[in-house]
Amino acid sequence: MVPLSLLTEMRGAAMSLTAAASGLVVFLLSVSAVQGQDGWGVTYSSTEICAVNGSTVEISCSYTYPSTPDGRVNTFEKTCWFSQKKGGERVDPSTFSEYAGRVEDLCENNICTLRIRNLRKSDSAVYWLGIKTSQTAYSGFPGVTLSVTDLQVEGRRSGSSTRLQCLSSCHTSYIWFKNGQKVKEDTSPYAYFSYSPADSYSCALKGYEDFPSPSVYAPKLPSVSVSPSAEIEEGSSVTLTCSSDANPAANYTWYKKNEDSPKASGQIFNITDFRAEHSGSYSCGAQNKLGRSNSNLHLSVGTGSSTMTVNIIRTTLGVLLMLIPVFLLSLWTKKKKALRSTTEAHEPEEIELDSIPEYENDSHTAAQTEDTEEQEDLV
Ligand SMILES: *[C@@H]1O[C@H](CO)[C@@H](O)[C@H](O)[C@H]1NC(C)=O
């Protein structure tokens with residue numbers, strides 16, 4: 001009885017030799033030769049499979065084994081899938097932790113299918129079926145080479161057209177989507193569209209239309225913001241921020257109106273020590289290879305809202321401070337009236353105090369309840 005690993009190596013060496021020497025036709029012949037040899041064989045529906053990240057793949061084969069290879073009865077016991085990455089160990093995907101919850105092993109009537117869902121790039125490996133019988137074990141190596149690919153669109157605007165390339169490690173037919181609608185199918189990975197700044201593009205591999213690449217598009221209209229505000233006090237600093245949705249990510253350039261050279265590059269533009277000459281219209285340009293988009297904003301020297309708030313507080317405090325002597329004077333006057341036992345009303349001071357009701361109320365209670373001597377001391 002030959003160990004499975006030895007068989008694996010033997011078949012593997014034989015296969016790669018024939019395949020390398022004389023190409024696909026001889027390779028296929030060698031498969032049938034192996035099958036015919038002694039009744040053993042595994043025939044895969046395809047030996048190269050390219051699948052897209054996130055999708056589901058089915059690796060299928062049929063197998064045969066001799067029922068009485070040397071006169072003795074050879075009974076079938078089980079089949080088992082194997083996978084091996086380049087330079088990696090041979091594992092059983094049905095039990096290996098990396099595949100947990102993602103594989104199904106379906107075998108019926110000498111046909112086996114290994115289904116792997118939610119494919120990852122790390123699932124790229126050689127897969128093959130092993131057969132165990134009462135007499136021996138047979139390996140269907142090298143089986144199927146599975147490549148799991150990412151999809152990416154690389155694009156560039158050139159004049160009035162946009163040139164796109166669907167990047168993938170697989171070479172099959174490519175499907176193109178424009179704004180989510182299927183518009184084209186081609187065996188070339190290149191596609192050309194007339195330039196339109198609002199369009200977005202993605203590609204997919206034929207058979208994997210539900211797993212398209214991320215969309216690429218020119219920058220959308222950037223949003224610009226100013227901190228602390230667009231009216232800036234002289235000498236203070238201001239921060240301009242620009243942000244635009246784009247794929248690939250945009251780079252940013254700041255211009256000032258009527259000036260040719262850019263003021264800054266990058267999403268954030270700082271002006272420290274703001275001066276009158278910094279006033280004016282600014283524009284932020286967001287650019288990627290698919291296009292460009294601009295937004296403007298205006299800066300001016302002025303009383304920013306925060307400065308205004310400070311000024312309002314200052315003025316209010318000033319007025320209140322000025323009113324204190326008036327208030328105390330009125331208390332003093334009231335006290336004198338009380339002492340004189342007169343009930344005259346509407347002296348000029350009181351009229352003025354009417355404009356601040358809180359103080360008027362306070363003055364009444366204070367005058368009535370508090371010690372007169374203390375009030376006098378205050379004055
Ligand atoms: C911004 O991106 C465009 C397109 O990719 C490129 O041509 C340009 O040189 C970039 N500008 C800067 C400042 O990086």
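Just so you know, these numbers come straight off a predicted model, no measurement behind them.
- By the 4.5 Å side-chain criterion applied to Ile, Leu, Val, Met, Phe, Trp and Tyr, Ile268 is assigned to no cluster and stands alone.
- Checked against ring pair (Phe, Tyr, Trp, His ring centres under 6.0 Å), Tyr217 has no partners two or more places apart in sequence or in another chain.
- Note that SG of Cys107 is 12.0 Å distant from NZ of Lys78, once rounded to the nearest 0.5 Å.
- At least one donor-acceptor pair under 3.5 Å links the side chain of Arg157 to the backbone N or O of Gly159.
- Atom CG of residue Leu167 and atom CG of residue Asp150 lie 10.5 Å apart, to the nearest 0.5 angstrom.
- Under the 30°/60° scheme for interplanar angles, the aromatic rings of Tyr63 and Tyr65 are found to lie parallel.
- By the 4.5 Å heavy-atom criterion applied to side chains, Pro66 and Trp40 are counted as neighbours.
- Of all the heavy atoms in Ser83 and Tyr99, the pair that sits closest is OG-OH, 3.3 Å.
- Scanning for salt bridge (charged side-chain N to carboxylate O under 4.0 Å, His left out) contacts around Lys220 gives an empty result, with sequence neighbours left out.
- Judged by distance alone, the side chain of Arg115 and the main-chain N or O of Glu104 form no donor-acceptor pair under 3.5 Å.
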Show the numbers, then the answer: is there a side chain to side chain donor-acceptor pair (under 3.5 Å) between Asn74 and Thr133? CA-CA 6 Å; Asn74 186 26; Thr133 63; 2.7 Å; yes
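- Of all heavy-atom pairs between Ala250 and Ala286, the closest is CB-CB, 4.0 Å.
- The hydrophobic cluster analysis finds Ile111 isolated: no Ile, Leu, Val, Met, Phe, Trp or Tyr side chain comes under 4.5 Å of it, directly or through other members.
- Taking NE2 of His278 as the start and CD1 of Ile232 as the end, the distance is 10.0 Å to the nearest 0.5 Å.
- A pairwise comparison of heavy atoms in Leu151 and Pro212 identifies CD1-C, 4.4 Å as the closest pair.
- Pairs of residues two or more places apart, or lying in two chains, that qualify as ring pair (Phe, Tyr, Trp, His ring centres under 6.0 Å) and include a residue from residues 226-257 are Trp254-Phe269.
- In this view, Cys50 and Cys170 satisfy the disulfide (SG to SG under 2.5 Å) rule, not counting sequence neighbours.
- For the residue pair Ser60 and Thr113, a side-chain donor N or O sits within less than 3.5 Å of a side-chain acceptor on the partner.
- Looking at Asn53, Val57, Ile175 one by one, the single match for side-chain contact (heavy atoms from CB on, under 4.5 Å) with Tyr208 turns out to be Val57.
- Lys178 meets the salt bridge (charged side-chain N to carboxylate O under 4.0 Å, His left out) test with Asp199; sequence neighbours excluded.
- Side-chain atoms of Ser213 do not come within 3.5 Å of backbone N or O of Ser202 as any donor-acceptor pair.
- Checked against side chain to side chain donor-acceptor pair (under 3.5 Å), Asn247 has no partners two or more places apart in sequence or in another chain.
- Residues Phe76 and Ser67 fail the side-chain proximity criterion, which asks for heavy atoms closer than 4.5 Å.
- In this structure, Thr64 contributes its side chain and Gly39 its backbone to a donor-acceptor pair below 3.5 Å.
- Applying the salt bridge (charged side-chain N to carboxylate O under 4.0 Å, His left out) rule to Glu185 yields the partners Lys182, Lys206; only residues at least two apart in sequence or on another chain are considered.
- Scanning for salt bridge (charged side-chain N to carboxylate O under 4.0 Å, His left out) contacts around Asp273 gives Arg275, with sequence neighbours left out.
- Between Ser173 and the options Asp186, Leu205, Thr187, a side-chain contact (heavy atoms from CB on, under 4.5 Å) holds for only Thr187.
- Note that CG of Leu114 is 9.5 Å distant from CD of Glu58, once rounded to the nearest 0.5 Å.
- Residues satisfying the disulfide (SG to SG under 2.5 Å) test with Cys61, not counting sequence neighbours, are none.
- Between Ser295 and Ser223 the shortest side-chain heavy-atom distance does not fall below 4.5 Å.
- Counting non-hydrogen atoms of neighbouring residues, nucleotides and ligands closer than 6.0 angstrom, the CD atom of Glu154 reaches no more than 12 such neighbours.
- Nearest heavy atoms, Cys80 versus Asp92: SG-OD2, 3.6 Å.
- Between the OG atom of Ser158 and the NZ atom of Lys289 there is a distance of 12.5 Å, given to the nearest 0.5 Å.
- For Tyr44 (side chain) and Leu129 (main-chain N/O), a donor-acceptor pair under 3.5 Å exists by modelled atom type.
- A donor-acceptor pair under 3.5 Å links the side-chain atoms of Asn179 to the main chain of Ser200, judged by distance alone.
- Looking at Trp81 and Ser94, their side chains never bring a donor and an acceptor atom within 3.5 Å of each other.
- Of the possible polar contacts, one joining the Gln267 side chain to the Cys242 backbone as a donor-acceptor pair under 3.5 Å is found.
- Taking CD from Glu77 and NZ from Lys132, the interatomic distance works out to 4.5 Å, rounded to the nearest 0.5 Å.
- Using modelled atom types, one side-chain atom of Arg120 and one backbone atom of Glu98 make a donor-acceptor pair closer than 3.5 Å.
- With no hydrogens or angles considered, a side-chain donor-acceptor pair links Thr149 and Ser169 at under 3.5 Å.
- Heavy atoms only, all atoms of each residue included: Asp123 and Ile116 are closest at OD2-CG2, 4.0 Å.
- When side chains are defined from C-beta on, Leu240 counts as touching Leu299, because their heavy atoms get closer than 4.5 Å.
- Contact check for Tyr282 versus Ile271: side-chain heavy atoms found under the 4.5 Å cut-off.
- A donor-acceptor pair is defined here as one N or O able to donate and one able to accept, closer than 3.5 Å; such a pair exists between the side chain of Lys85 and the backbone of Ser122.
- Around the CD atom of Glu108, the shell of radius 6.0 Å holds no more than 12 heavy atoms that belong to other residues, nucleotides or ligands.
- More than 12 heavy atoms of other residues, nucleotides or ligands sit less than 6.0 Å from atom CD of Glu259.
- Sorted by first and then second residue, the pairs that involve residues 152-196 and meet ring pair (Phe, Tyr, Trp, His ring centres under 6.0 Å), not counting sequence neighbours, are Phe193-Tyr201.
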